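Structure first, commentary second.
All values derive from a computational prediction rather than experimental measurement. All residue numbers refer to positions in the sequence shown, counting from 1.
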Amino acid sequence: MRFSTNIALRLAYLELKRLKGVAVLGPIVHNLLTEQKYQDQIPVMNIDLFASRLAIDEAVLRSELSCYSLKNRDY
């Protein structure tokens, strides 16, 4: 699980003139980022990886995951 797909989708939207297309395989989806029952299934190792890359602790990460959903953005 990585956030690179999420970033690629955002760039594709923001850079319409420079990017002609983006192929997405297995993106992190809205439900995983917004629903606790799916977040509870994320392996602890992945949660720790996300939190350390963002330089925040696990509690803060869990409270901010919904911000990464493309459906919760103005795209």
Side-chain angles (χ1 to χ4, degrees):
M1 300 168 87
R2 296 178 180 241
F3 282 110
S4 56
T5 301
N6 189 286
I7 293 167
L9 287 174
R10 290 173 189 236
L11 283 174
Y13 177 80
L14 295 172
E15 297 293 337
L16 293 173
K17 294 179 182 176
R18 294 173 45 178
L19 295 173
K20 299 299 180 194
V22 173
V24 179
L25 302 174
I28 295 177
V29 295
H30 176 75
N31 290 349
L32 176 67
L33 295 170
T34 59
E35 295 184 35
Q36 186 68 42
K37 67 180 180 180
Y38 296 114
Q39 293 173 11
D40 290 342
Q41 296 175 20
I42 300 173
V44 173
M45 181 178 78
N46 290 93
I47 291 291
D48 184 56
L49 176 70
F50 296 154
S52 66
R53 286 191 178 179
L54 296 170
I56 57 178
D57 65 26
E58 181 181 334
V60 173
L61 174 67
R62 289 185 180 275
S63 70
E64 294 181 355
L65 277 177
S66 65
C67 297
Y68 292 98
S69 171
L70 296 175
K71 285 187 176 182
N72 288 345
R73 309 299 290 184
D74 293 331
Y75 298 131

Can you see which heavy atom on [X] is nearest to which on [Y], and at what distance?
{"X": "Thr34", "Y": "Gln39", "answer": "N-NE2, 3.8 Å"}
{"X": "Asn31", "Y": "Tyr38", "answer": "O-CD1, 3.5 Å"}
{"X": "Ser69", "Y": "His30", "answer": "OG-ND1, 2.5 Å"}

What distance separates [X] [atom1] from [Y] [atom2], expressed to the nearest 0.5 Å?
{"X": "Asp48", "Y": "Ile42", "atom1": "CG", "atom2": "CD1", "result": "12.5 Å"}
{"X": "Ser63", "Y": "Glu58", "atom1": "OG", "atom2": "CD", "result": "11.0 Å"}
{"X": "Arg62", "Y": "Asp40", "atom1": "CZ", "atom2": "CG", "result": "6.0 Å"}

